Amino acid sequence: MRIVDNKIFANAFKVKPDKSISFLLGAGASVASRIPSGKRMTWEFKRAIYCMNNNLRTSTYDDLSSDDVQKEIQAYFDNQRGYPPKGSPEEYSFYFDKCFPFKRDRTYYIQNKVRDANPSLGYLCLGEMIINGKVNLIATTNFDDLVQVGVHSINPGFSIKTISSATSYKEGIILNEGFPNVIKLHGDYLYDTLKNTSEELQELECSIANTWKTAIYEDGLVIIGYAGNDNSVMSILEKLIEEGGIKKGIYWCKYKNEELSVRANKFMTEACNINEQSSVIEINEFDEFMYSLYLALNLKNFNIDKMWEKNYDER
């Protein structure tokens with residue numbers, strides 16, 4: 001499996017044809033915008049269940065990053081039957097469903113997490129790439145609107161289409177070739193019944209799946225902030241690789257201090273064997289990586305550059 005430095009990829013990215021590389025964004029891309037990751041939410045679910053079952057206030061365990069807090073909460077579940085082991089890909093869906101068994105409550109929970117979120121530096125850089133015609137398609141497993149907000153923070157009148165299970169046409173769900181598209185693979189909190197639990201995540205609506213699959217077949221794909229734990233998205237990617245799709249390469253961004261999931265590692269090993277352009281890209285964080293692409297393209301935006309100087313340049 002090939003591993004490429006993010007600076008090397010940024011240099012290569014600038015020479016790739018416009019609109020030939022799309023993005024798949026997962027929850028990790030939105031952490032800097034103060035939207036919790038799936039891992040963080042899993043601990044919130046665990047805390048809520050633990051406190052409910054033991055007549056405790058959740059405020060007692062405010063610091064969910066504390067090893068002592070996590071050990072106490074996890075010890076409870078380790079001594080129960082029927083709970084997935086710590087680190088299992090099923091944890092998020094299992095505990096979400098256990099914590100909020102009613103679908104509407106799960107929707108309320110997600111709405112409260114993503115409502116009025118402000119895009120971080122990385123989303124603004126992506127917005128510049130979209131506006132300048134470098135990127136034309138973004139798929140996301142997230143429920144937020146950070147891609148659209150990032151674009152409109154730069155150019156309020158810029159047209160970008162959102163496709164989700166709430167948007168349907170007689171001829172099916174289709175991309176608009178006149179301007180960029182965002183595909184919400186797991187629903188849109190503004191309109192849809194969100195997909196959160198294992199059963200709901202198993203299979204994307206056929207129309208959305210086919211639209212995305214067709215759109216990326218001939219091109220390349222950058223994956224960032226996505227763990228690869230849900231079958232619905234991974235099965236499509238695996239099928240595309242088997243068919244020789246995503247011809248311009250798959251570039252899976254991996255944080256330097258983390259490892260790919262077992263399924264993602266197997267997938268990328270196969271992708272690199274089949275397509276010489278595919279590789280794993282080691283990055284520090286979403287914002288820094290997106291800024292490196294923005295710089296490589298010689299894009300200029302006063303607010304973006306000031307944000308970098310203020311928050312990141314000293315690192």
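Please read all numbers here as calculations on a predicted model, not as lab measurements. Atom set for the values below is all heavy atoms of this structure, side chains included, hydrogens, waters and symmetry mates excluded.
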Peer 1: Please table the atom pairs, donor to acceptor, closer than 3.5 Å between any side-chain atom in residues 270-277 and protein atoms at least two apart or in another chain.
Peer 2:
unit_1 : atom_1 : unit_2 : atom_2 : d
Asn273 : ND2    : Thr269 : O      : 3.1
Asn275 : OD1    : Gln277 : N      : 2.7
Asn275 : ND2    : Lys247 : O      : 2.9
Gln277 : NE2    : Lys247 : O      : 3.2

Peer 1: How about Tyr50 and Phe45: are their ring centres within less than 6.0 Å of each other?
Peer 2: no
Peer 1: Within a 6.0 Å radius of atom NZ on Lys256, are there more than 12 heavy atoms belonging to other residues, nucleotides or ligands?
Peer 2: yes
Peer 1: Can you tell me how the ring of Phe100 sits relative to the ring of Tyr109, calling it parallel under 30°, perpendicular over 60° and tilted otherwise?
Peer 2: tilted
Peer 1: Under 3.5 Å, side-chain donor or acceptor atoms of residues 13-27 against the rest of the protein: list the pairs with distances, not counting sequence neighbours.
Peer 2:
unit_1 : atom_1 : unit_2 : atom_2 : d
Lys14  : NZ     : Asn11  : OD1    : 3.3
Lys16  : NZ     : Tyr251 : OH     : 3.3
Ser20  : OG     : Pro17  : O      : 2.6

Peer 1: Give a yes/no verdict on a cation-pi contact between Arg263 and Phe267, requiring under 6.0 Å between NZ or CZ and the six-membered ring centre and an angle within 45° of the axis.
Peer 2: no
Peer 1: Would you call Lys46 and Glu72 a salt bridge, taking side-chain N to carboxylate O under 4.0 Å as the test?
Peer 2: no
Peer 1: Hey, can you pull the donor-acceptor pairs under 3.5 Å for the side chains in residues 222-229, sequence neighbours left out?
Peer 2:
unit_1 : atom_1 : unit_2 : atom_2 : d
Tyr226 : OH     : Asp230 : OD1    : 3.3

Peer 1: Tell me, do Tyr76 and Asn53 make a side-chain contact under 4.5 Å, heavy atoms counted?
Peer 2: yes
Peer 1: Using 4.0 Å as the upper bound for N to carboxylate O, is an ion pair formed by Lys213 and Glu243?
Peer 2: yes
Peer 1: Verify whether the ring centers belonging to Phe289 and Phe286 lie closer than 6.0 Å.
Peer 2: no
Peer 1: Salt bridge check, Lys300 against Glu128: does any charged N sit closer than 4.0 Å to a carboxylate O?
Peer 2: no
